[in-house]
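Shown next, in structure tokens, is the structure this report addresses.
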Amino acid sequence: MKNLLTRPLFAAVVALAAAFAQVQAQTPYVPPVPADDSLYQAFGGQPGLQRLMDDLVERLLADPRMKPFFADAELPQLKEALVLQFCEVSGGPCRRDAKAKGMREVHEGQDITRADFNALVEVLQQAMDAQGIPFAAQNRLLVQLAPMHREIVNKR
Ligand code: HEM
């Protein structure tokens with residue numbers, strides 16, 4: 001009797017959880033907009049973000065793990081898009097174009113593994129250190145970006 005009652009319930013819970021995971025996996029992750037611009041200021045505002053991206057892109061090209069991904073990228077456009085994105089997620093006055101491609105589409109077909117994602121975060125941390133961005137601010141930004149791995153990592 002107990003089995004009869006609990007089995008369908010269990011199956012329903014599993015089906016619901018699977019459906020929820022599916023929806024979660026397909027809904028683009030939108031980082032929460034910070035309540036104020038303190039994080040943006042900690043990154044030095046627009047000029048600070050521009051310096052950071054100049055440095056980051058140089059480091060990505062110098063890193064043997066990252067170079068194959070970025071060697072043929074449109075670098076000025078990439079920097080511009082990253083400045084805009086970091087400005088937005090740090091509470092700055094920018095908004096990514098609503099018509100711009102989502103993170104899943106941008107990275108589609110690039111065969112990015114979790115290890116590649118972690119390597120990029122490592123290089124980003126080196127660039128943030130080099131720019132003298134306080135550790136707490138670095139972490140606040142990484143918390144905003146980390147959930148994007150679900151859309152960016154597309155290879156096991
Ligand atoms: C938190 C992690 C990441 C964020 C926030 C991010 C963000 C972005 C953004 C905003 C763009 C520009 C899109 C546009 O032009 O509108 C981009 C492009 C690109 N991303 Fe990522 N990305 C991340 C991780 C990665 C990883 C792990 C790789 C590869 C290992 C990667 C490879 C690329 C490449 C190659 C492009 C340039 C595509 C092109 O211009 O042809 N990204 N990314």
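Both counts, for ligands and for their atoms, begin at 1 and track the order of listing.
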Task: atom 26 (C) of ligand 1 - nearest protein heavy atom and its distance - done: Leu120 CD1, 3.6 Å
Open item on the list: So, taking the atom named SG in Cys87 and the one named CG in Leu82, what distance separates them when rounded to the nearest 0.5 Å?
Closed with: 12.5 Å
TODO: Name the option, out of Val106, Ile112, Val89, that contains the heavy atom nearest to atom 29 (C) of ligand 1.
DONE: Ile112
Open item on the list: Closer than 4.0 Å to some heavy atom of Leu82 - which atoms of ligand 1 meet that?
Closed with: 7 (C), 8 (C), 9 (C), 10 (C)
Task: N/O donor-acceptor pair under 3.5 Å between Tyr40 side chain and Phe86 backbone - done: no
Open item on the list: For Gln110, is the CD atom crowded, meaning more than 12 foreign heavy atoms sit under 6.0 Å from it?
Closed with: yes
- [ ] Go through Tyr29 and Met103 one step at a time and tell me if the side chain to side chain contact (heavy atoms under 4.5 Å, CB included) criterion holds.
- [x] CA-CA 9 Å; Tyr29 166 72; Met103 287 296 98; over 6 Å; no
Open item on the list: Give me the residue, atom name and distance of the protein heavy atom closest to atom 3 (C) of ligand 1.
Closed with: Ile152 CD1, 3.4 Å
- [ ] Can you sort out which atoms of ligand 1 are near Met148, meaning under 4.0 Å from one of its heavy atoms?
- [x] 5 (C)
Open item on the list: So for Glu74, does at least one of its heavy atoms come nearer than 4.0 angstrom to any atom of ligand 1?
Closed with: yes
Open item on the list: Side chain, backbone, both or neither: which applies to Gln110 and ligand 1 if a contact is any heavy-atom pair less than 4.0 Å apart?
Closed with: side chain
Open item on the list: I need the Asp54 CG to Leu75 CG distance, nearest 0.5 Å.
Closed with: 10.5 Å
- [ ] Scan side-chain atoms only and decide if Asp129 and Gln138 contain a donor-acceptor pair under the 3.5 Å cut-off.
- [x] yes
Task: Reported CG-to-CZ distance for the pair Leu141 and Phe43, which is rounded to 0.5 angstrom - done: 4.0 Å
- [ ] Using a strict cut-off of 4.0 Å, indicate which atoms of ligand 1 neighbour a heavy atom of Met66.
- [x] 30 (C)
Task: Non-hydrogen atom of His149 closer than 4.0 Å to ligand 1 - done: no
- [ ] List every atom of ligand 1 that sits less than 4.0 Å from any heavy atom of Gln77, numbering the atoms from 1 in the order shown and giving each element.
- [x] 15 (O)
Task: Closest protein heavy atom to atom 39 (C) of ligand 1, given as residue, atom name and distance to 0.1 Å - done: Ala73 CB, 4.1 Å
TODO: Going by heavy-atom distance to atom 33 (C) of ligand 1, choose the closest among Phe86, Phe69, Phe117, Phe70.
DONE: Phe70
- [ ] Return the residue, atom name and 0.1 Å-rounded distance of the protein heavy atom closest to atom 5 (C) of ligand 1.
- [x] Gln85 OE1, 3.3 Å
Task: Residue His107 atom name (nearest to atom 21 (Fe) of ligand 1; N/O/S) - done: NE2
Task: Sole residue of Val121, Leu124, Leu120 in side-chain contact (heavy atoms from CB on, under 4.5 Å) with Leu145 - done: Leu124
Task: side-chain contact (heavy atoms from CB on, under 4.5 Å), paired with Phe70, selected from Val57, Leu78, Asp63 - done: Leu78
Task: Leu78: numbered ligand 1 atoms lying under 4.0 Å from its heavy atoms - done: 11 (C), 12 (C), 17 (C), 18 (C), 19 (C)
Task: Cationic N near anionic O, under 4.0 Å, Asp97 to Lys99 - done: no
TODO: Give a yes/no on ligand 1: does Glu80 have at least one heavy atom closer than 4.0 angstrom to it?
DONE: no
- [ ] Please confirm whether Arg96 comes under 4.0 Å of ligand 1, counting heavy atoms of the residue only.
- [x] yes
Open item on the list: Taking Arg65 first and then Glu122, would you say they form a salt bridge - that is, a charged N and a carboxylate O separated by under 4.0 Å?
Closed with: yes
- [ ] Name the closest protein heavy atom to atom 14 (C) of ligand 1, giving the residue it belongs to and the distance to 0.1 Å.
- [x] Ala81 CB, 3.7 Å
